[in-house]
Amino acid sequence: MLESLHISNYALIDTIDISFKPGLNIITGETGAGKSIMLGALSLLLGARADMKSIRQPDKKTIIEAVFSVNYYPALKSYCEANDIEWDDTRCILRRELSPAGRSRAFVNDSPVPLNKLEAVSLQLIDIHSQHQNQLLAHPDFQLKVLDNLAGNEERIKLYTLRFTAFREALKKLKVAKVRIERTRNDEDFTRYQLEQLDEMKLEPGEQESLEKERDVMSNLTELKSYLNDALQALTDSPRNVLSLISEASDACEGIDSLLDEKDRIPERLEAASIELSDIAETLSAIDRNLAADPAELDSIESRLNEIYSLEQKHKVSSVEELIELREKLRSRLEALDNSESTISELEKEARRALALAKETAAEISTARKEAALALAGNLTELAIPLGMKNLQVQIAVEPAEISATGMDKVEYRFAFNKNQPLLPVAGAASGGEISRLMLCLKTIIAGKMSLPTIIFDEIDTGVSGDVAARIGAMMQQMGDKIQVITITHLPQVAARGASHFKVYKEDDEHSTHTRVSPLSHEERIGEIALMLSGKTDDPTARATAESLIKNS
C-alpha cells in the first residue's frame with residue numbers, strides 16, 4: 001500500500017506531501033490543475049526517462065519519494081535480498097533524484113540502485129493505468145498470468161517448470177552427444193592415428209623431468225668428475241687427506257691420555273668421525289666409478305626427449321602429464337564412438353521420459369486453464385455489460401501449442417462489442433474506453449486472487465455518465481476492499497465512493513503558479529462533488545445530491 005508521496009521541485013510543484021489511506025482514494029481537480037504532473041512524477045519511480053525540463057528551479061534537486069507498507073511481499077523481499085538491496089519487513093521507500101547538472105539517481109530503502117532495479121521493485125508496488133496504457137490486456141504473458149492465477153495453477157507450474165527444465169537439459173545432452181560423436185566419427189582416422197602415436201611412446205608421469213636431469217648430468221660429466229676428484233682427494237687420496245689426519249690426531253691423543261677427561265670421550269668421537277668420513281668417501285667413490293661417459297646413452301636420452309618435445313609442440317601442451325591426459329581423452333572419445341549407439345539410445349530414452357513427465361503436468365495445467373477460461377469469460381461478461389457494453393461477447397481461447405516454458409497452450413482473449421461482430425483479439429476489437437472498462441472488470445475479478453500492487457486509475461471513466469458511472473464507482477470501491485486503489489476522476493458518482501478524497505488545484509503568488517494538493521474534510525467533499533455536478537460549490541440542490549451520493553456509497 002502507498003502510504004505517502006513526496007514531490008519537490010517538479011514542474012508546477014514546489015513541494016507536496018500526500019498521505020494515502022487504504023481502500024479507494026479519490027483525486028479530483030480542474031483540467032490542467034496538475035493531476036497529470038503528479039502521475040508524471042510517479043512514473044519516474046517506475047523507471048521513466050527523466051526530462052530535465054521538468055525541474056522547476058534549475059539550481060535545486062528534484063526529489064520524488066514514495067513510502068509503501070510491505071507487510072507481506074515475499075517475492076519483493078527475495079528480489080531485494082538477491083540484489084543486495086536493503087530490506088525492511090514493514091516499509092519500502094523508493095526515491096528518485098534529478099540534479100540540476102542532469103544526473104539521475106535512484107534509491108530503494110536508501111540503497112543506491114540502477115534504474116532497471118528501481119523499475120523492477122516499483123512494478124511490484126504500483127500499477128498506473130490509463131486509457132493510454134491499455135497494451136497490458138493484449139499482452140500474451142499478462143493474459144496467461146491472469147488465467148493461471150484464477151486456475152490455481154501455482155504449484156502445478158512450479159512442478160512443470162522443474163520437469164520442463166529437466167526435459168530441456170536432457171535434450172541438450174542428447175544434442176551435444178550427437179554433435180560430439182559426429183565430429184569424432186568425421187575425425188576417427190586422425191584420432192586413432194594420434195592415439196597410436198601416444199600409445200607407442202609409452203609415456204610415464206615424471207619421465208620428462210627425470211630424463212632432463214640425466215641429460216644435464218651427462219652433459220656436464222667432466223665438470224662433475226672434477227668435483228668428485230677434489231672431494232676424494234680431500235678425504236682419502238692426497239698425502240695429507242682428512243682420514244690420515246684424523247688417524248694422526250687419534251695417535252697423538254694416546255700420548256695425552258692422562259690429561260683427557262673420560263667423560264669427553266675424545267678417542268671414541270675421533271673413531272666415529274673416521275668411520276663416517278670413510279663411509280662418505282666410499283659413497284663418492286661408487287658414484288665416481290658409475291659416472292662413466294657413454295655417448296650412446298646420452299644420444300638415446302636426447303632422442304627420447306626430442307620425441308617428447310615434438311609431441312608437446314604438436315598438441316600445444318607443455319608436459320608429459322598433459323600428453324597422458326590427452327591420450328586418455330582420445331581413448332575415451334573413441335570408446336564413446338564405439339559405444340555411440342547405446343549412448344544415444346539411452347539419452348533418447350532419458351529425453352522421452354522427461355518429455356512425458358513435462359507433458360503430463362502440462363496437460364493438468366491445460367485442463368485447469370480451460371475451466372478457468374470459461375469462468376473468467378462469464379465473469380467478465382457479467383461485470384462489463386452493465387458498464388455500457390450490452391452486446392459484449394467474451395471468449396478466452398485455450399488452444400494447443402508446441403511445448404514451451406509456459407506449457408502446451410496458446411491463450412488469447414477475444415471480444416466482440418457489437419452485434420454480428422466476429423470475436424477478435426482485444427487490440428483489434430475495442431476502443432480505448434472499452435479496453436479501460438474491461439481492465440477495470442478484470443482487475444476487480446483478480447484483485448482478491450493475485451498479489452496486485454496499488455492500482456492508480458487515471459481518468460479511465462472518461463466518456464461515461466449516469467448509471468454506468470455509478471457502476472464504475474461501485475466496482476472501484478469493491479476493488480478497494482481488497483487492495484489500495486487511487487483514481488483520478490471527473491465523475492461525481494465515482495468521487496462519492498472514496499474512503500478519502502484529495503483535491504488538486506493551482507495557486508498563484510506574485511512570481512509563479514503552484515500546484516497544491518489538499519485532503520478534503522466531509523464538508524469540503526460535499527462542496528467538491530457539488531462543483532463537479534453543477535459547477536458551483538454552494539448550489540443547494542447540487543450539495544444535497546452530493547451528500548446523498550456520499551451517504552448512499
Side-chain angles (χ1 to χ4, degrees), residues 194-332 335:
Q194 287 182 312
L195 180 58
E196 285 170 6
Q197 267 195 323
L198 290 167
D199 276 339
E200 285 172 4
M201 285 290 289
K202 294 183 171 55
L203 296 166
E204 297 291 338
E207 178 181 1
Q208 182 176 336
E209 291 81 357
S210 177
L211 288 170
E212 287 172 342
K213 185 176 179 182
E214 285 186 57
R215 180 196 60 192
D216 292 343
V217 167
M218 296 186 74
S219 298
N220 297 294
L221 193 60
T222 301
E223 185 179 3
L224 293 172
K225 279 275 192 181
S226 175
Y227 287 137
L228 277 169
N229 182 65
D230 290 346
L232 288 170
Q233 285 286 325
L235 287 169
T236 61
D237 294 348
S238 67
R240 298 287 290 172
N241 61 73
V242 171
L243 287 172
S244 66
L245 291 173
I246 289 177
S247 177
E248 289 178 13
S250 181
D251 291 342
C253 284
E254 289 182 6
I256 58 171
D257 183 56
S258 59
L259 296 176
L260 300 176
D261 193 328
E262 186 175 345
K263 68 180 180 181
D264 291 332
R265 300 171 52 249
I266 297 298
E268 291 88 342
R269 287 161 65 191
L270 285 170
E271 183 179 359
S274 178
I275 293 170
E276 178 66 20
L277 289 169
S278 295
D279 188 56
I280 291 171
E282 182 58 38
T283 300
L284 292 175
S285 294
I287 293 172
D288 185 46
R289 287 192 298 273
N290 293 328
L291 201 61
D294 186 348
E297 185 178 354
L298 181 59
D299 288 345
S300 174
I301 291 171
E302 290 284 7
S303 176
R304 177 70 172 174
L305 282 172
N306 286 335
E307 287 178 336
I308 290 173
Y309 294 152
S310 177
L311 276 177
E312 288 176 349
Q313 186 176 11
K314 177 181 178 180
H315 295 291
K316 295 180 174 55
V317 298
S318 58
S319 69
V320 165
E321 285 70 26
E322 288 179 282
L323 286 174
I324 292 172
E325 184 181 350
L326 174 63
R327 180 185 70 193
E328 298 313 310
K329 282 183 179 178
L330 293 174
R331 198 185 313 282
S332 297
E335 287 173 356

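Not measured: the values here are computed from a predicted model. Note that these values count all heavy atoms, side chains included, but never hydrogens, waters or copies made by symmetry.
Between the S285 side chain and the A281 main chain, a donor and an acceptor come within less than 3.5 Å of each other. Of the possible polar contacts, none joining the S250 side chain to the I246 backbone as a donor-acceptor pair under 3.5 Å is found.
Taking the side chain as every heavy atom from C-beta outward, S278 and I275 never approach each other to under 4.5 Å.
Rounded to the nearest 0.5 angstrom, Q313 CD and N306 CG are separated by 11.0 Å. Note that CD of Q194 is 12.0 Å distant from CG of D199, once rounded to the nearest 0.5 Å. A distance of 5.0 Å separates CD1 in I308 from CE in M201, rounded to the nearest 0.5 Å. Note that the CG atom of D237 and the CG atom of L243 stand 10.0 Å from one another [nearest 0.5 Å]. Atom OG of S274 sits about 11.0 Å away from atom CG of D279, to the nearest 0.5 Å. Atom CG of L277 is separated from atom CD of E282 by 13.5 Å, given to the nearest 0.5 angstrom.
For the residue pair L330 and L195, the shortest heavy atom distance occurs at CD1-N, 4.1 Å. Heavy atoms only, all atoms of each residue included: S238 and Q233 are closest at OG-O, 2.9 Å. Taking every heavy atom of both residues into account, P239 and S244 meet most closely at O-OG, 3.7 Å. In this structure, C253 and I266 approach most closely via the heavy-atom pair SG-CG2, 3.9 Å.
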Side chains of residues 203-212: which donor-acceptor partners sit under 3.5 Å, not counting sequence neighbours?
from: E207; atom 1: OE1; to: E204; atom 2: N; distance (Å): 3.1
from: E207; atom 1: OE1; to: R304; atom 2: NH2; distance (Å): 3.3
from: E207; atom 1: OE2; to: R304; atom 2: NE; distance (Å): 2.6
from: E207; atom 1: OE2; to: R304; atom 2: NH2; distance (Å): 2.8
from: Q208; atom 1: NE2; to: E212; atom 2: OE2; distance (Å): 3.3
from: E212; atom 1: OE2; to: Y309; atom 2: OH; distance (Å): 2.6

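Contacts classified as salt bridge (Lys or Arg N to Asp or Glu O under 4.0 Å) and involving residues 244-256 (residues at least two apart or in different chains) are given here: R240-E248. Applying the salt bridge (Lys or Arg N to Asp or Glu O under 4.0 Å) rule to pairs touching residues 313-328 yields E325-K329, E328-R331, sequence neighbours excluded.
A 6.0 Å sphere centred on CD of E268 holds more than 12 heavy atoms belonging to other residues, nucleotides or ligands.
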